[in-house]
Each structure stands twice: as structure tokens, then as C-alpha cells.
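Take a look at the structure set out below.
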Number of protein chains: 2
Amino acid sequence: MTRTVYVNGAYLPEHEATVSIFDRGFLMADGVYEVTSVLDGKLIDFDGHYARLERSLNELDMGNPTTYDDLLEVHRKLVAENGIIEGMVYLQVTRGNPGDRDFAFPPEDTVPTIVLFTQNKPGLANSPAAKKGMKVISIEDQRWARRDIKTVQLLAPSLGKMAAKAAGADDAWMVEDGYVTEGTSNNAYIVKGNTIITRALSNDILHGITRAAVLRFAAEAQMKVEERNFTIDEAKEADEAFITSASTFVMPVVELDGAAIGSGTPGSVAARLREIYLEESLKAAI
Amino acid sequence: MTRTVYVNGAYLPEHEATVSIFDRGFLMADGVYEVTSVLDGKLIDFDGHYARLERSLNELDMGNPTTYDDLLEVHRKLVAENGIIEGMVYLQVTRGNPGDRDFAFPPEDTVPTIVLFTQNKPGLANSPAAKKGMKVISIEDQRWARRDIKTVQLLAPSLGKMAAKAAGADDAWMVEDGYVTEGTSNNAYIVKGNTIITRALSNDILHGITRAAVLRFAAEAQMKVEERNFTIDEAKEADEAFITSASTFVMPVVELDGAAIGSGTPGSVAARLREIYLEESLKAAI
């Protein structure tokens with residue numbers, strides 16, 4: 001089936017969806033993105049993703065080519081057109097096409113480019129990976145300094161994912177100055193006793209929408225949360241580990257650099273948080 | 001006049017030149033580039049740029065969709081079609097269009113995308129800026145760790161250029177751990193007495209093609225070259241400062257963070273190196 005995608009106001013078959021070679025997103029990675037999950041045909045945490053999109057655009061002095069209502073409508077239309085029950089909607093905004101290349105920003109009246117497409121992922125909520133758990137390796141964090149802005153500068157995470165594959169693992173946790181920052185496309189957590197430990201928000205990591213929700217649910221469930229740095233060695237000694245992201249929700253990590261974490265099987269805290277997150281998010285889905 | 005540009009084997013009017021929204025260059029900044037100058041209608045340092053392109057592609061395990069001979073032909077055809085006497089040829093190669101988005105690399109048979117276009121810059125060699133000199137500010141280097149690979153992850157340099165503009169300057173020198181790495185799109189140098197000082201090659205800076213040529217010409221002209229780190233304070237106390245890049249050749253820097261360097265006018269070493277570089281490069285142009 002040919003997907004219908006959205007480019008600058010037009011709904012198009014995916015093979016006809018293009019941008020200019022002069023688009024700042026193509027020439028300079030001058031763009032930001034969001035990924036919103038779909039469960040039961042509804043959008044998960046849409047408000048959070050919209051708020052973060054606005055923040056990313058503001059941080060880069062980039063115009064917002066859309067509004068909350070319009071964007072919600074495009075999301076819903078793409079989900080309906082493509083018959084997505086479980087999956088994702090990917091959204092990218094770039095500084096647009098100034099018609100030539102220059103390091104300096106183009107004139108303010110350059111219209112930002114907006115692109116959306118769906119990804120069909122049946123079984124997203126009941127993922128077998130959530131029952132099996134993930135294997136993770138550690139790598140140096142090679143990314144730029146503003147990881148709080150969700151830009152398309154994704155070469156380092158992409159190379160990290162390939163390094164994990166080459167090592168027979170599922171993902172990589174990035175390490176800077178001895179401390180874990182996050183996974184290649186997710187936030188990282190360890191559990192010691194009844195305490196969930198995850199790095200505090202700063203420019204060093206993405207401000208995960210799923211992270212915010214999971215930490216809120218954890219607090220509501222009387223779990224203790226410590227937002228602080230941790231090392232790979234501490235993670236190896238943890239009782240559990242897991243990641244969160246918009247497309248994986250809560251996913252247990254059972255192995256780190258070849259060492260089993262806890263019992264080497266998915267832990268109960270991650271399982272409980274995944275259950276609560278899916279339940280609560282579905283209730284609030286729009 | 002409408003430019004003729006090149007996209008994946010086709011010569012097209014610039015307004016019809018597009019890439020898929022699924023191109024890895026657009027979605028993940030998974031692409032590398034080169035800029036080759038044109039003087040007298042001929043290509044400057046083409047061999048150096050081709051060699052660096054191959055190195056960048058290798059470092060990222062990316063396929064090379066072209067050959068030296070084919071690429072030279074495309075460069076020459078674009079220069080001729082667009083009547084470029086002085087200007088640049090921009091070249092970008094990405095990991096291509098796998099038809100969907102994934103952090104993992106696409107299958108090996110995914111054809112890389114190749115895009116080339118010209119920029120017409122009459123007066124490039126006799127630039128008034130070379131007589132006046134540039135004003136530079138210093139900023140923190142926010143880029144990723146592999147600046148030796150010439151990727152399109154150019155947000156930090158672009159933001160740096162805008163910070164310079166906002167401060168009434170022409171460019172920014174980036175500083176890491178107290179030492180200058182390079183300019184936003186050029187290598188940085190200071191001159192003390194008869195010694196040219198510039199940061200040594202490593203993953204921290206771009207391996208400038210113009211840098212290599214200029215250092216070779218400097219040695220041939222019996223100038224002393226020291227490849228080592230220097231600070232902004234040392235630069236402010238220098239007799240001269242300058243930058244090199246493929247599109248600016250050698251360009252004097254006369255002010256740094258508001259302080260005049262040397263006499264506050266272009267220095268004789270930079271002027272001499274610019275003269276030698278233009279003369280020798282033109283002789284070797286193809």
C-alpha cells in the first residue's frame with residue numbers, strides 16, 4: 001500500500017513527496033522533529049510533542065509553520081488515510097528553502113518546510129521485545145552540545161545503533177565524562193531497590209515526553225525517583241534497567257556491555273511502569 | 001538566470017531539483033559535502049576535494065556513487081552550463097533514500113544520493129574583504145566529536161555565523177577547553193613574528209584542503225609553521241591572524257572579540273600567502 005504523506009500543505013503519495021535540494025534541512029540539518037505514537041488509532045501525548053516542537057523551534061529562532069489545531073488535524077488525517085491502528089507519526093520542520101546555500105539564516109519570510117508521514121507498527125503495545133528485554137552496549141557520546149533541541153543531526157545516534165548491531169546488541173547508551181547521558185533515541189534509567197535513577201534534564205539530553213509522563217506515573221505510584229548522573233559500572237550493579245521513548249514506551253534493558261543486569265530478565269519496576277504508561281496514555285489519547 | 005543543477009545523474013533546472021523526503025540527508029543529516037572553488041572557469045584543488053570526499057564517505061561506511069572522472073565531468077559541465085568564471089561548485093552525497101526512516105543504515109544496495117550545484121561569485125579572487133580584513137568573535141564549540149568528517153551537520157556553525165552577525169562581526173572562532181578549534185567554515189591561524197601558528201589536525205577540526213596547500217606554500221617560502229593549540233588571549237596578542245577555506249582562500253582577521261589584532265589592518269603574512277595561494281592554485285587549476 002502506498003502511504004499518503006504530507007508536505008507543505010499537500011497530501012501526496014509517498015513516492016511523489018520531495019523537498020528542494022536547497023532545503024535547509026537537506027543542506028545543513030537545520031530542522032527539528034517529533035515522533036508521536038499511535039495506539040488504538042489515537043495519538044499518544046500529542047500535547048507534549050507539540051509543546052516540545054514549539055520549544056525546539058524557539059531555541060533555533062525558527063518559525064512555526066503550523067498551529068496546534070492544524071497539526072492535530074494533519075496527524076489525524078494521516079492516521080485515518082493510512083489506516084494506522086498502532087504505529088507512529090513522524091513530523092519534521094526545517095528552516096525552509098531559501099533557493100541557495102548560505103551558513104547565515106535566510107530572510108525571515110522564508111517559509112519553513114513541514115513534512116509528516118506515518119509508520120505502521122502493528123503490535124507496538126504488545127511488543128515481544130518488552131517481554132524479552134534489550135541488550136545494550138556503551139559508547140562515547142559524540143553528539144553536539146544542544147541535545148535538548150530535537151534536531152535532525154542524527155549521525156552519531158545512527159552510528160551508535162550500527163555499533164550496537166555489530167556487537168550483537170539492540171542499542172547503545174552514550175557516555176560523556178564517565179556518566180551515561182541517554183540511549184541513541186531514548187532516555188536511560190536504572191533501578192536500585194525501590195529507587196528509579198535517571199539523569200536530570202539539561203542541555204546534555206533530550207527532554208523526553210515519555211520520560212516526563214513515566215516519572216509522573218512513578219511518583220503517583222509511590223516509587224522513589226532520583227534524577228542524577230550514573231555510570232556504566234553503577235548500571236551493571238543495578239537491580240534493573242530500562243529505557244523510555246515515544247515509540248518504545250517503557251522497555252527493559254537486561255544486558256549492558258555483555259553483563260546481565262539483575263537477574264538478566266526484565267524487571268518488575270519496568271514492567272509495572274510500562275503497564276501504567278500504556279494504560280494512562282491510552283486513556284488520555286486523542 | 002535559472003541555474004542548471006545535477007541530481008542523481010540528471011541535469012535539471014534548479015527549481016525542479018528535489019530529493020525524497022525519505023532521503024537520509026534530509027531525515028538524519030546522513031551526508032557529506034565538498035565545496036570546490038572556480039577561478040578563471042577552472043577548478044581549484046579538485047584532487048584534494050575528491051580525496052577528502054572519499055575519506056568522509058569511508059569514515060561513515062557510505063558508498064561512493066561516482067568516480068573521479070565522472071565527478072570531474074559533472075563539475076566541468078555545471079561550470080560551463082552556468083557560465084561560472086569565479087564561484088563555487090557545491091557537492092553533497094547522502095546515504096540515499098531507503099523509502100522509510102530508521103536509525104539503522106539502510107540495505108547496502110540503497111543508492112547514495114548525489115547533488116551538485118554552482119554558485120556564481122564574481123570578484124571572488126579580488127575580494128574587497130581580503131583588503132579590509134574580517135572581524136571575528138569567539139564562541140563555544142558546540143559541534144559533535146567528528147569534525148574531521150565533512151558532514152552536513154551544520155547547525156552549530158550556522159548558529160555561530162548568526163551570533164557573529166548579531167555582534168556586528170563577520171564570523172566566529174570556536175573554542176573548546178580553552179583553545180581555538182577553527183572558524184565556522186574555515187581553519188584559523190595566528191602569526192607571531194615569522195611563525196604561523198595553527199591547530200594540528202585531529203578529529204577536532206576539518207582537514208582543510210586549502211589549509212594543506214597554504215601550509216605547503218608557507219614552508220616553501222621559508223616561513224616557519226607551528227601546528228599547535230592556541231587560545232583567544234594568545235590570538236589577541238598576535239601580530240596577525242587569518243583564516244583559510246576553499247571559498248575565501250586566505251582571508252585576514254583584523255579584530256577578535258572587539259580587540260584589534262596587531263595594527264588592526266590586514267597583515268603582510270596573510271597577504272603574501274593569499275597571493276602565493278591564488279597564483280599557485282590557478283597554475284594547477286583544471
Side-chain angles (χ1 to χ4, degrees), chain A residues 3 5-7 12 14-31 33 35 60-61 88 90 92 94-95 99-105 113 115-117 119 140-146 149 151-162 164-165 171 184-185 203, chain B residues 3 5-7 12 14-31 33 35 60-61 88 90 92 94-95 99-105 113 115-117 119 140-146 149 151-162 164-165 171 184-185 203:
Chain A
R3 264 179 296 185
V5 304
Y6 178 90
V7 183
L12 301 165
E14 57 185 319
H15 301 294
E16 291 170 26
T18 61
V19 291
S20 166
I21 60 165
F22 295 105
D23 193 282
R24 297 268 306 185
F26 183 71
L27 293 180
M28 300 215 158
D30 193 2
Y33 74 103
V35 179
L60 295 177
D61 284 325
M88 277 105 82
Y90 175 88
Q92 181 169 332
T94 79
R95 209 180 300 275
D100 208 344
R101 179 178 183 274
D102 193 335
F103 277 83
F105 292 174
T113 297
V115 165
L116 288 96
F117 57 82
Q119 292 185 309
E140 272 301 304
D141 197 331
Q142 297 198 308
R143 297 173 300 164
W144 80 319
R146 293 299 306 273
I149 310 173
T151 77
V152 295
Q153 294 188 132
L154 294 175
L155 252 179
S158 178
L159 291 166
K161 197 77 87 176
M162 294 310 286
K165 270 195 161 190
D171 199 11
T184 62
S185 57
N203 290 354
Chain B
R3 265 180 296 186
V5 304
Y6 178 91
V7 183
L12 301 165
E14 58 185 317
H15 300 294
E16 290 170 26
T18 60
V19 291
S20 166
I21 60 165
F22 296 104
D23 193 281
R24 298 266 307 182
F26 183 71
L27 293 180
M28 301 215 158
D30 193 2
Y33 74 104
V35 179
L60 295 177
D61 284 324
M88 278 105 83
Y90 176 88
Q92 181 169 332
T94 80
R95 209 179 302 273
D100 208 344
R101 180 179 183 274
D102 193 335
F103 278 83
F105 292 174
T113 297
V115 165
L116 289 97
F117 56 83
Q119 292 185 308
E140 272 302 303
D141 197 332
Q142 297 198 308
R143 296 173 300 164
W144 80 319
R146 292 300 305 274
I149 310 173
T151 77
V152 295
Q153 295 189 131
L154 294 175
L155 251 179
S158 179
L159 291 166
K161 198 76 89 175
M162 294 311 286
K165 270 195 161 193
D171 199 11
T184 62
S185 58
N203 290 354

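Every value quoted in this text rests on a predicted model; they were computed, and no experiment measured them. Below, read A as the first sequence line, B as the second, and so on, with proteins coming before strands; counting in each chain starts at 1.
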> In terms of heavy-atom pairs under 4.5 Å with chain A, which of B:Leu159, B:Asp100, B:Val5 leads?
Replying inline: B:Asp100

>> For the backbone of A:Val152 and the side chain of B:Gln153, can you confirm whether one donor and one acceptor N or O come within less than 3.5 Å of each other?
In response: no

> Do the numbers put B:Arg95 on top of the ring of B:Phe105, so that NZ or CZ is under 6.0 Å from the six-membered ring centre and no more than 45° off the axis?
Replying inline: yes

When you compare the side chain of [Y] with that of [X], does any pair of heavy atoms fall below 4.5 Å?
X	Y	answer
A:Arg24	A:Arg101	no
B:Phe117	A:Leu27	yes
A:Leu155	B:Leu60	yes
B:Lys161	B:Ser185	yes

Among the options [options], pick out the one with the most heavy-atom pairs lying under 4.5 Å from chain B.
options	value
A:Val7, A:Asp30, A:Asp61	A:Asp30
A:Gly99, A:Gly160, A:Ser158	A:Ser158
A:Phe22, A:Phe103, A:Phe26	A:Phe26
A:Ser20, A:Ala104, A:Ala17	A:Ala17
A:Lys165, A:Arg143, A:Met162	A:Met162

Region of [X] that comes under 4.5 Å of a non-hydrogen atom in chain A:
X	value
B:Arg3	side chain
B:Thr151	side chain
B:Glu14	both
B:Val115	side chain
B:Thr94	side chain
B:Asp23	side chain

>> Does B:Ile21 form a side chain to side chain contact (heavy atoms under 4.5 Å, CB included) with A:Tyr6? I'd like the steps, not just the answer.
In response: CA-CA 10 Å; B:Ile21 60 165; A:Tyr6 178 90; over 6 Å; no

> Do A:Tyr33 and A:Tyr90 make the cut of ring centroids closer than 6.0 angstrom?
Replying inline: yes

